[in-house]
**Q** 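Encoded as structure tokens, here's the structure I'll be asking about.
What you are looking at is a predicted structure, and each value in this text was computed from that prediction instead of being measured.
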Amino acid sequence: MKFSEYIRDKLLYICILIILITIISLLLILTNTHMLMIIFIPTVFILFNFCFLLHDYVTRKTFYDELNNMLNNLQEKYYITEIINSPTFLEGNILCDILYEVDKSMIENINNIKINKNDFKEYIELWCHEIKIPIATIDMIINNNSNDITLLIKDELDRIDNYVEQSLFYARSDYVDKDYIICQTSIIDVVNNVLRKNKKELINKKIKVELINLDVMVNSDSKWLEFIINQIVINSIKYFNKKKKVITFAVVHNKNNISLSITDNGCGIKPEDIDLVFNKGFTGNIGRKYTKSTGIGLYLCKKLCNKLNHEIELESVYNEYTKVCIIFPISSMVSNITNM
């Protein structure tokens, strides 16, 4: 609060004060009061009011400056009413009471939203688990009645199963820290599990897979890491546009980390889209051209990597290749399997 702003706010009071002093001075002159008293009385009156205004300004400025500093230092600003000191002037107390009621109402609404959100997530998880039963049943029926039509149905069923799994991991992504076990995880085992899941698509589309130096152990959660790699592989399979198709998995040992790269020679990503691919719901030009993408897969990969203390990076050249790297810090790395 600036003093000039305070004076503007008190302008009406000051004008009334000036008028009052003028009237008093005139009355003193009309009653033939001694000149010393005519000067003394208005001067004392002015000094008294000036001291009052100065004290009032300092009190208010101290309170509001402290309030602003607390707000700037608080991450959760709605906790301001828990730490603010009670002011010594009436308007400040009224403001604090209003803030308290507003914060109380907001916190109650936030708690209700959190409860509803958790209930919805629990329902989604339950639904995902329940829907897997009929999916497995249909898959069994197809396997027992294999023909050209049922094989086409199985392809679509596998796609549905992937979307269900994506929904389940999305619902759990906000509390990965409560649903993961960090332990020594074999990259080659995780990659092989992903390849088995996508075996049919890889064979049908004649995609060659290359594995380079994958016999490495890292500290991670195998279930979540498998989901991350699977989403990357599914994206690679979706966007191939060449006759010779190759997906390469390679591990590189760096000074401070281990990097698992997944590279495909597909359609690539346009330069203007590269910085946006990890954004929620972003599909880009390629996603709209090749298939109806949800824009959730890479977003989930980024979110889960952050939760697991892994890094994920992407580089691409349009119409040439796309390379996604999952980076494990050196502290998360264990020696090569062969040395264990």
Side-chain angles (χ1 to χ4, degrees), residues 152 155-156 158-163 165-166 169-170 187-188 190-214 216 225-254 257-306 310-328:
L152 291 174
D155 290 341
E156 298 303 317
D158 290 340
R159 192 170 299 170
I160 292 170
D161 188 46
N162 176 63
Y163 285 135
E165 186 179 55
Q166 192 179 81
F169 276 81
Y170 181 75
I187 290 182
I188 186 68
V190 173
V191 170
N192 283 334
N193 288 340
V194 171
L195 294 177
R196 276 192 291 270
K197 279 185 179 181
N198 297 279
K199 178 175 66 175
K200 187 175 180 181
E201 285 287 318
L202 291 168
I203 293 172
N204 288 343
K205 294 191 175 183
K206 299 179 180 179
I207 300 172
K208 181 182 177 182
V209 176
E210 296 179 347
L211 306 179
I212 303 173
N213 299 328
L214 297 190
V216 172
L225 183 59
E226 184 177 316
F227 174 80
I228 292 167
I229 295 174
N230 189 55
Q231 292 301 305
I232 296 168
V233 170
I234 288 171
N235 273 4
S236 294
I237 293 171
K238 277 182 185 179
Y239 302 129
F240 270 118
N241 63 345
K242 298 174 182 176
K243 289 184 178 180
K244 186 179 179 181
K245 308 175 183 73
V246 182
I247 298 178
T248 302
F249 297 83
V251 165
V252 176
H253 293 258
N254 301 308
N257 57 59
I258 279 182
S259 174
L260 168 64
S261 63
I262 304 165
T263 308
D264 65 68
N265 64 334
C267 61
I269 301 170
K270 291 188 174 182
E272 62 268 24
D273 290 343
I274 289 178
D275 292 335
L276 304 173
V277 292
F278 292 115
N279 290 357
K280 183 179 179 181
F282 181 79
T283 57
N285 294 306
I286 303 301
R288 288 186 288 272
K289 180 180 178 182
Y290 282 86
T291 185
K292 293 182 179 179
S293 299
T294 61
I296 295 296
L298 287 178
Y299 163 76
L300 273 176
C301 291
K302 178 72 172 177
K303 188 172 184 179
L304 296 177
C305 281
N306 289 340
H310 306 334
E311 294 180 34
I312 185 168
E313 298 176 352
L314 181 145
E315 64 178 74
S316 182
V317 175
Y318 186 57
N319 275 330
E320 290 190 21
Y321 74 92
T322 298
K323 179 179 180 181
V324 180
C325 293
I326 302 171
I327 301 169
F328 306 89

**Q** Hey, which of Ile212, Leu214, Thr263 is the one that makes side chain to side chain contact (heavy atoms under 4.5 Å, CB included) with Phe249?
**A** Leu214
**Q** Specify the closest pair of heavy atoms between Glu315 and Tyr321, including all atoms of both residues, with the distance to one decimal.
**A** OE2-OH, 2.9 Å
**Q** Please check if the number of heavy atoms outside Lys199 that lie under 6.0 Å from its NZ is greater than 12.
**A** no
**Q** Can you see which heavy atom on His253 is nearest to which on Val216, and at what distance?
**A** NE2-CG2, 3.7 Å
**Q** State, with a plain yes or no, whether a side-chain heavy atom of Asn230 is found less than 4.5 Å away from one of Glu165.
**A** yes
**Q** Please say which of Ile274, Asn319, Val317 ends up in a side chain to side chain contact (heavy atoms under 4.5 Å, CB included) with Ile269.
**A** Ile274
**Q** List the residues meeting side-chain hydrogen bond (donor to acceptor under 3.5 Å, both in side chains) with Thr248, not counting sequence neighbours, and say none if there are none.
**A** Glu210
**Q** Show your reasoning for whether side-chain contact (heavy atoms from CB on, under 4.5 Å) applies to Ile326 and Ile232.
**A** CA-CA 10 Å; Ile326 302 171; Ile232 296 168; 4.1 Å; yes
**Q** Could you state the interatomic distance from CD1 (Ile228) to CG (Leu298), rounded to the nearest 0.5 Å?
**A** 11.0 Å
**Q** Can you tell me how far apart CG (Leu304) and CD (Gln231) are? Round to the nearest 0.5 Å.
**A** 9.0 Å
**Q** Working to the nearest 0.5 angstrom, can you tell me the gap between Ile247 CD1 and Thr322 OG1?
**A** 11.0 Å
**Q** Which pair of non-hydrogen atoms, one from Ser259 and one from Asn254, has the smallest distance, and what is that distance?
**A** CB-ND2, 3.8 Å
**Q** Just by distance, no angles: are the side chains of Asn162 and Arg159 close enough, under 3.5 Å, to form a donor-acceptor pair?
**A** no
**Q** Sequence neighbours excluded, which residues qualify as ring-ring contact (aromatic ring centres under 6.0 Å, His included) partners of Tyr299?
**A** none
**Q** If every non-hydrogen atom of Phe227 is compared with every non-hydrogen atom of Gln166, which pair is closest and at what distance?
**A** CE1-CA, 3.9 Å
**Q** Which distance, rounded to the nearest 0.5 Å, do you find between the CG of Asn265 and the NZ of Lys245?
**A** 9.0 Å
**Q** Could you pull out the closest heavy-atom pair between Lys302 and Ile312, with the gap in Å?
**A** CD-CG2, 3.5 Å
**Q** Heavy atoms only: give me the nearest Val251-Asn213 pair and the separation to one decimal.
**A** CB-O, 3.1 Å
**Q** More than 12 foreign heavy atoms under 6.0 Å from NZ of Lys323: is that the case here?
**A** no
**Q** Distance check, rounded to the nearest 0.5 Å: Asn306 atom CG versus Cys301 atom SG?
**A** 11.0 Å
**Q** Which residue is it: Val233, Asp264, Leu202, Asn198? I am looking for the one with a side chain to side chain contact (heavy atoms under 4.5 Å, CB included) to Ile207.
**A** Leu202
**Q** Nearest 0.5 angstrom please: Ile229 CD1 to Asn193 CG, how far?
**A** 9.5 Å
